[in-house]
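Working notes for the structure below.
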Amino acid sequence: QVQLVESGGGLVQAGGSLRLSCAASGRTFSSYAMGWFRRAPGNEREFVAAIKWSGDRLRYADSVKGRFTISRDNAKSTVYLQMNSLKPEDTAIYYCAVDSRGLMGSSRYSYDYWGQGTQVTVSS
């Protein structure tokens with residue numbers, strides 16, 4: 001079992017930045033790929049970014065490429081999502097998730113454990 005706790009969400013103006021954190025506990029964090037998803041009101045949960053256990057392979061949704069950066073610190077069992085140049089359409093609840101099989105897929109079904117989410121609101 002893995003427990004995930006996201007933090008760092010909040011209210012920011014368009015063009016601003018936020019850094020989300022996801023702290024993991026339980027099984028060996030450094031063995032797993034990790035992902036970030038988001039869900040806007042009325043929408044399905046959508047893929048944002050993923051990172052390999054070693055940190056040397058990254059994947060991004062086209063909608064955030066060039067603006068968001070995923071990273072991890074295995075010593076702290078934490079994965080981050082740096083979000084720059086935020087837009088109102090980035091408003092959503094952001095979730096981190098464990099990918100124990102290393103698929104780094106864009107489907108939510110590639111991921112095994114989920115955090116409770118953190119709200120990000122971008123005002124225009």
Residue pairs meeting disulfide bond (SG atoms under 2.5 Å apart), one or both in residues 69-124, sequence neighbours left out, come to C22-C96

Those residues at least two apart in sequence (or on a different chain) that pass side chain to side chain donor-acceptor pair (under 3.5 Å) with S85 are none

Check your understanding: Cluster question for you: counting only ILVMFWY and a side-chain heavy-atom cut-off of under 4.5 Å, with indirect links fine, are L4 and V48 together?
Key -> yes

Sorted by chain and residue number, the side-chain contact (heavy atoms from CB on, under 4.5 Å) partners of W114 (sequence neighbours excluded) come out as F37, R45, Y95, A97, R108, Y111

To the nearest 0.5 Å, atom CG of L18 lies from atom CG of L81 at 9.5 Å

Residues A14 and P88: closest non-hydrogen pair is CB-CD, 4.1 Å

The reported gap from CH2 in W36 to OG1 in T118 (rounded to nearest 0.5 angstrom) is 7.5 Å

The side chain to side chain donor-acceptor pair (under 3.5 Å) partners of T121 (sequence neighbours excluded) come to Q119

Heavy-atom nearest pair, S17 first then Q82, reads CB-NE2, 4.0 Å

Side-chain heavy atoms under 4.5 angstrom apart, residues restricted to Ile, Leu, Val, Met, Phe, Trp, Tyr: same cluster for I51 and F47? no

- May I ask whether V122 and Y60 are part of the same hydrophobic cluster, defined by side-chain heavy atoms of I, L, V, M, F, W, Y residues being less than 4.5 angstrom apart, directly or through others? yes

Exercise for the section: Taking the side chain as every heavy atom from C-beta outward, state whether N74 and F29 have any pair of such atoms under 4.5 Å apart. Expected result: yes

Only residue of I93, V120, T91, V64 satisfying side chain to side chain contact (heavy atoms under 4.5 Å, CB included) with R38 is V64

Separation between OG (S77) and CD (Q3), nearest 0.5 Å, reads 11.5 Å

Let me see the working for T78 and D73 under side-chain hydrogen bond (donor to acceptor under 3.5 Å, both in side chains), right down to the final yes or no.
CA-CA 5 Å; T78 301; D73 185 337; over 6 Å; no

With sequence neighbours left out, the residues meeting side-chain contact (heavy atoms from CB on, under 4.5 Å) with K87 are R67, E89, D90

For L11, the other hydrophobic cluster members (4.5 Å side-chain criterion, sorted by chain and number) are none

Taking a hydrophobic cluster as the set of Ile, Leu, Val, Met, Phe, Trp and Tyr residues connected by side-chain heavy atoms closer than 4.5 Å, whether directly or through intermediates, do Y94 and I70 fall within one such cluster? yes

Check against side-chain contact (heavy atoms from CB on, under 4.5 Å), M34 and W53:
CA-CA 7 Å; M34 298 292 295; W53 66 270; over 6 Å; no

Does L58 share a hydrophobic cluster with Y32, counting links as ILVMFWY side-chain heavy atoms below 4.5 Å and allowing steps through other members?
-> yes

In short, side-chain hydrogen bond (donor to acceptor under 3.5 Å, both in side chains) pairs touching residues 97-107 with sequence neighbours left out are S100-D112

Residues passing the side chain to side chain donor-acceptor pair (under 3.5 Å) test with R59, sequence neighbours excluded, are none

Residues passing the side-chain contact (heavy atoms from CB on, under 4.5 Å) test with S71, sequence neighbours excluded, are Y80

Sequence neighbours excluded, the answer for side chain to side chain donor-acceptor pair (under 3.5 Å) partners of N43 is none

Residues passing the side-chain contact (heavy atoms from CB on, under 4.5 Å) test with D56, sequence neighbours excluded, are K52, S54

- Query: Are Q13 and S123 close enough that a side-chain donor and a side-chain acceptor fall under 3.5 Å?
  - Reply: no

